[in-house]
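Everything on this sheet refers to the single structure shown next.
Please read these numbers as outputs of a predicted model, since none were measured by experiment.
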Amino acid sequence: MRIVILSGSLRRGSWNTALAHTLAELAPEDCQTDVATPAGIPVYDGDVETEAGIPEAVATLKDQVAAADGLVLVTPEYNQGVPGPFKNAIDWMTRPPSDISRVFGKKPVALCGASPSSAGTRSAQYAWLPVLRALKTRLYSERTLLVDNASERFDEQNRLIDQDMRKRAGSLMEGFCEFVRAQ
């Protein structure tokens, strides 16, 4: 089984990318993982698509997600919503529209995220729901992971050191992989 864990952050030292790597580390043995980010994906522009086609970074990510059995979106939260670069990457991956079912159709998807706030990424995760419905994914809703107060839960090397959160992250991956196996 192959799972793509997609961090929505472009920032070096991102807690969300660190969380994505932690999820990969804690995945069950029979679950191979690939961690990715929206790095290198330009802002969507229909004229660019018409004139130059799908950018290579987008095509690579699309193929990676299409080949995966499941997708974990590790979302930052900016102003109580989805970060622009992350949504932009998903929007590019739906081009051309005929590719939506190949890339996302009935794909099991889990949501999680890390934030410096005490509310975690609840609003961003909620904001993803209509997008995931429109893409006809299968949302894993059995377990959630909201890493709040991230500055206290990661060390200077960006390792998740909070043992309760590590346990929750492992539980999320275990449950999600079971969900994917059952599909």
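- Judged purely by atom type and a 3.5 angstrom limit, Arg159 has no side-chain atom pairing as donor or acceptor with the backbone of Ile161.
- At a threshold of 4.5 Å between non-hydrogen side-chain atoms, the residues Trp15 and Ser151 count as touching.
- A donor-acceptor contact shorter than 3.5 Å is absent between the side chain of Arg153 and the backbone of Val147.
- Ring pair Phe179/Tyr140 is tilted by interplanar angle, where 30° to 60° counts as tilted.
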query: Going through the distances and angles, do Ser115 and Ser117 end up as a side chain to side chain donor-acceptor pair (under 3.5 Å)?
result: CA-CA 5 Å; Ser115 170; Ser117 82; 3.2 Å; yes
Table please: side-chain donor-acceptor pairs of residues 72-83 below 3.5 Å, with sequence neighbours left out.
| unit_1 | atom_1 | unit_2 | atom_2 | d |
| --- | --- | --- | --- | --- |
| Thr75 | OG1 | Trp128 | NE1 | 3.2 |
| Glu77 | OE1 | Arg122 | N | 3.4 |
| Glu77 | OE1 | Ser123 | N | 3.0 |
| Glu77 | OE1 | Ala124 | N | 2.9 |

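- Around CD of Glu25, the count of heavy atoms belonging to other residues, nucleotides or ligands within 6.0 Å exceeds 12.
- The shortest heavy-atom contact between Thr17 and Ser14 is N-OG, 3.0 Å.
- Residues Ser101 and Lys136 have side chains not in contact (no heavy-atom distance under 4.5 Å, counting atoms from C-beta outward).
- Between the Lys107 side chain and the Ala68 main chain, a donor and an acceptor come within less than 3.5 Å of each other.
- In this structure, Gln183 places its CD atom where more than 12 heavy-atom neighbours from other residues, nucleotides or ligands lie under 6.0 Å away.
- When hydrophobic clusters are built by joining Ile, Leu, Val, Met, Phe, Trp and Tyr residues whose side-chain heavy atoms come closer than 4.5 Å, directly or via intermediates, Leu172 is grouped together with Met165.
- For Asp162 and Arg166, the salt-bridge test fails: no basic side-chain N is under 4.0 Å from an acidic carboxylate O.
- With hydrophobic clusters built from ILVMFWY side chains whose heavy atoms lie under 4.5 angstrom apart, Val109 shares a cluster with Val65.
- Closest approach of Ile5 to Ala20, counting heavy atoms only: CG2-CB, 3.5 Å.
- Salt bridge status for Asp99 with Arg95: absent, with no side-chain N to carboxylate O gap under 4.0 Å.
- Counting only heavy atoms from C-beta outward, the side chains of Trp92 and Glu49 approach each other to under 4.5 Å.
- We find that Asp30 and Arg181 are joined by a salt bridge, their nearest charged nitrogen and carboxylate oxygen being less than 4.0 Å apart.
- Distance OG1/Thr137 to CG/Leu132: 4.0 Å, rounded to 0.5 Å.
- Summarising the geometry, atom CG belonging to Leu61 is positioned 5.5 Å from atom CG belonging to Leu6; distances are rounded to the nearest 0.5 Å.
- Cluster annotation: Ile3 and Leu71 are assigned to distinct hydrophobic clusters (Ile/Leu/Val/Met/Phe/Trp/Tyr, side-chain heavy-atom contacts under 4.5 Å, transitive).
- When all heavy atoms of Leu26 and Gly170 are compared, the pair lying nearest together is CD1-N, 3.7 Å.
- With respect to the salt-bridge test (charged N to carboxylate O, under 4.0 angstrom), the residues Glu178 and Arg143 do not qualify.
- Closest non-hydrogen pair, Leu19 versus Gly113, comes out as CD2-C, 3.8 Å.
- The two residues Asn16 and Ser7 make their nearest non-hydrogen contact at C-OG, 3.6 Å.
- A continuous path of Ile, Leu, Val, Met, Phe, Trp and Tyr side chains, each step under 4.5 Å between heavy atoms, connects Leu135 with Ile41, placing both in one hydrophobic cluster.
- One hydrophobic cluster, built from ILVMFWY side chains closer than 4.5 Å, holds both Leu145 and Leu160.
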